[in-house]
Structures are given as structure tokens and as C-alpha cells.
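Let me begin by presenting the structure, written as C-alpha cells, before commenting on it.
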Amino acid sequence: EGLAIALGISAALDHVALTDDESRRAVFNALTERSEGNPLYARYLTRSLIGGLSSARIVSPGEWLGSAPVIEGDISRYYQHLLDSVSRDAQAIADVLGVLDFAVTPDEVKEIVGPLLEDRVPEALTVLSPVLSQAAAQGGVRVFHESFRRFMMTAIQHRGTSLANILKPVAQWLESKDFFFDAKSYRFMLPVMRRSGREAEILQKVAADF
């Protein structure tokens, strides 16, 4: 309950006129039961609930919490629930966000995925918002907890997709920037190339005149 309050649940309940103690107690009890004492899951549920109440996507907090997946101690069940909630195109965007180890803005995500998928970016970011966090230093959003990145890596491997293919548009986007003047390109282009198995190209770029 303290975590939910710290994340802003009180203001969200005020927003939908759930101000009486009995109604609030029911929400906290449902949140406590569904989260199973897992603070990470409690955070995800609270963030989803706050966003849903603010946008009117959630009308009844109690019913929504009751429909949230039972994880039985396995947070990956919630991650799978999120992926199942988005379209196929938005899942491709989730693949990219799930393997990135740096923050990106919505506009940067659109640049990375290109014109064929850019219209799906808002959907993907909305559905994945509970597992993302704002990165003040870099600007934009990034995966909040490493467990989601591990889950995405496993899911990608099970589909038979290579990490290099997922990172290809990311690397191309970083390479399109001015390496010595764009902060993200300077900091992350070479690591992304390394993760893509392009070590030989890195050695060509980092030559004697580098």
C-alpha cells in the first residue's frame, strides 16, 4: 500500500471520485492480493491502474485488478500477458525496446522502426508503460527491470529470431548519426555493433586515426 501511494494511486482514485474509505480499502486489498507480496508486480499493477484511470480505459479498479494475471511467483507470466495484449506490429516494437540497454524517446523509436511501424509506436509504449521507466539523464524511456529484458531475450530465442536482426535497425539508426557529435551514437553505437556480432567492423572504425 505504501508503494502504491508513493507511486500516486491516491490522486488517480481521486480523479475517478473514489474518495470514501471503503472503496479505497477494496482497491488496496485487491492490489495486495493480486500482487502476491511481489513489490515488482505491485509496481507494474499500480502503474497500469494509474494510467488506466487517468485515461478512462479502466472504469472499475477492483474488476480490473481481478482480471490481472495470477503469476504464482513467476513475473514472466505478467510479461507474457503484456505481449499478448498488443498487435503483431506492436510486438515487433516491443522486441526492440526489450533488448535496448539505453533510453529512447517516442520519436526516436519511430525513427528506429521506420515508416512501416511508426504508427504502432504509441500503442506499444502505452501497453508497455508499466515495465518502462523515465530516464532523466538520457531522455526517453527504458526497461525498468532486468527481468523483462531477460524475458524478451528468451522469447526472441524461442521464436528463432536472432538478436542481430532485432538490433539491425537500431545499429543503422545510430550509424546514421554523427558519431562524434551525437551523444547516443557516441556512447552506444559500438556496443550495439558488438552485441550484433559485428566486431570486425568495430575494429575498422576504431583504427589508428580514431
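Heavy-atom basis, side chains included; hydrogens, waters and symmetry copies ignored. All values derive from a computational prediction rather than experimental measurement.
Judged as a side-chain hydrogen bond (donor to acceptor under 3.5 Å, both in side chains), the pairs with a partner in residues 197-208 (not counting sequence neighbours) are, in order, Glu175-Arg198, Arg198-Glu201. The stretch residues 116-132 participates, sequence neighbours left out, in these side-chain hydrogen bond (donor to acceptor under 3.5 Å, both in side chains) pairs: Ser87-Glu123. Note on residues 10-42: pairs passing ring pair (Phe, Tyr, Trp, His ring centres under 6.0 Å), not counting sequence neighbours, are Tyr41-Tyr78.
Val70 and Leu82 fall into different hydrophobic clusters, where Ile, Leu, Val, Met, Phe, Trp and Tyr side chains are chained together by heavy-atom contacts under 4.5 Å. Linking ILVMFWY residues whenever their side-chain heavy atoms come closer than 4.5 Å, directly or via other members, leaves Phe210 and Leu203 in distinct clusters.
Within the 4.5 Å cutoff, the side chain of Pro169 has no heavy atoms near those of the Val113 side chain. Within the 4.5 Å cutoff, the side chain of Glu111 has no heavy atoms near those of the Gln172 side chain. Here the side chains of Ile166 and Ile156 are in contact, with some heavy-atom distance below 4.5 Å. At a threshold of 4.5 Å between non-hydrogen side-chain atoms, the residues Leu49 and Val27 count as touching. When side chains are defined from C-beta on, Ser196 does not count as touching Leu163, because their heavy atoms never get closer than 4.5 Å.
A donor-acceptor pair is defined here as one N or O able to donate and one able to accept, closer than 3.5 Å; such a pair exists between the side chain of Arg34 and the backbone of Gly66. Within the 3.5 Å criterion, the main-chain N or O of Trp64 finds a donor-acceptor partner in the side chain of Ser67. Remark: the backbone N or O of Ser133 is not paired with any side-chain donor or acceptor of Arg142 at under 3.5 angstrom. In this structure a side-chain-to-backbone donor-acceptor pair under 3.5 Å is missing from Arg195 to Leu167. Ser10 contributes no side-chain N or O that, together with a main-chain N or O of Ile5, makes up a donor-acceptor pair within less than 3.5 Å.
Side-chain contact of Ser23 with Asp20: a donor-acceptor pair under 3.5 Å is present, judged by distance alone. Side-chain N/O atoms of Thr105 and Asp107 include no donor and acceptor closer than 3.5 Å. Using a 3.5 Å distance cut-off with no hydrogens or angles, the side chains of Tyr44 and Ser35 do not pair a donor with an acceptor. Between Asp84 and Gln80, the side chains place a donor N or O and an acceptor N or O closer than 3.5 Å (distance only, hydrogens not considered). In this structure, a donor-acceptor pair under 3.5 Å is present between the side chains of Ser162 and Asn165.
From Thr161, atom OG1 reaches atom CE of Met153 across 11.5 Å, with rounding to the nearest 0.5 Å. Taking CG from Leu31 and CG from Leu45, the interatomic distance works out to 6.0 Å, rounded to the nearest 0.5 Å. To the nearest 0.5 Å, atoms CG (Leu53) and CZ (Arg57) are separated by 9.0 Å. Separation of atoms CZ (Arg88) and CG (Leu117) is listed at 11.5 Å; rounding is to 0.5 Å.
Residues Ser185 and Leu174 approach most closely at OG-O, 2.9 Å, considering heavy atoms. Taking all atoms of both residues into account, the shortest heavy-atom contact from Gln134 to Val141 is NE2-CG1, 3.4 Å. Across Arg24 and Leu18, no two heavy atoms sit closer than the pair NE-O, 3.0 Å. Annotation for Ile71 and Asn38: closest pair CD1-ND2, 4.2 Å, computed over non-hydrogen atoms. Counting all heavy atoms, side chain and backbone alike, Ile112 lies closest to Val104 at CD1-CG1, 4.2 Å. Among all heavy-atom pairs drawn from Val143 and Leu97, the shortest one is CG2-O, 3.4 Å.
The environment of CD in Glu146 is crowded: more than 12 heavy-atom neighbours from other residues, nucleotides or ligands sit within 6.0 Å.
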With side chain to side chain contact (heavy atoms under 4.5 Å, CB included) as the criterion, how do Val192 and Phe102 come out once you've worked through the C-alpha distance, each side chain's angles and the decisive distance to 0.1 Å? CA-CA 10 Å; Val192 167; Phe102 60 92; 4.1 Å; yes
Before giving the answer on side chain to side chain contact (heavy atoms under 4.5 Å, CB included), spell out for Leu100 and Val170 the whole-Å C-alpha distance, their side-chain angles and the decisive distance to 0.1 Å. CA-CA 9 Å; Leu100 286 182; Val170 180; 3.6 Å; yes
Given Leu190 and Val206, is the side chain to side chain contact (heavy atoms under 4.5 Å, CB included) satisfied, shown in steps? CA-CA 9 Å; Leu190 299 181; Val206 188; 3.9 Å; yes
Pair Phe148-Leu132, side chain to side chain contact (heavy atoms under 4.5 Å, CB included): steps then yes or no: CA-CA 10 Å; Phe148 180 68; Leu132 302 175; 5.5 Å; no
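Residue Lys177 forms a side-chain contact (heavy atoms from CB on, under 4.5 Å) with just one option from Trp173, Phe179, Phe180, and that option is Trp173.
For Arg149 and Asp101, the salt-bridge test fails: no basic side-chain N is under 4.0 Å from an acidic carboxylate O. Salt bridge Arg159/Asp95: present, at least one basic N to carboxylate O contact under 4.0 Å.
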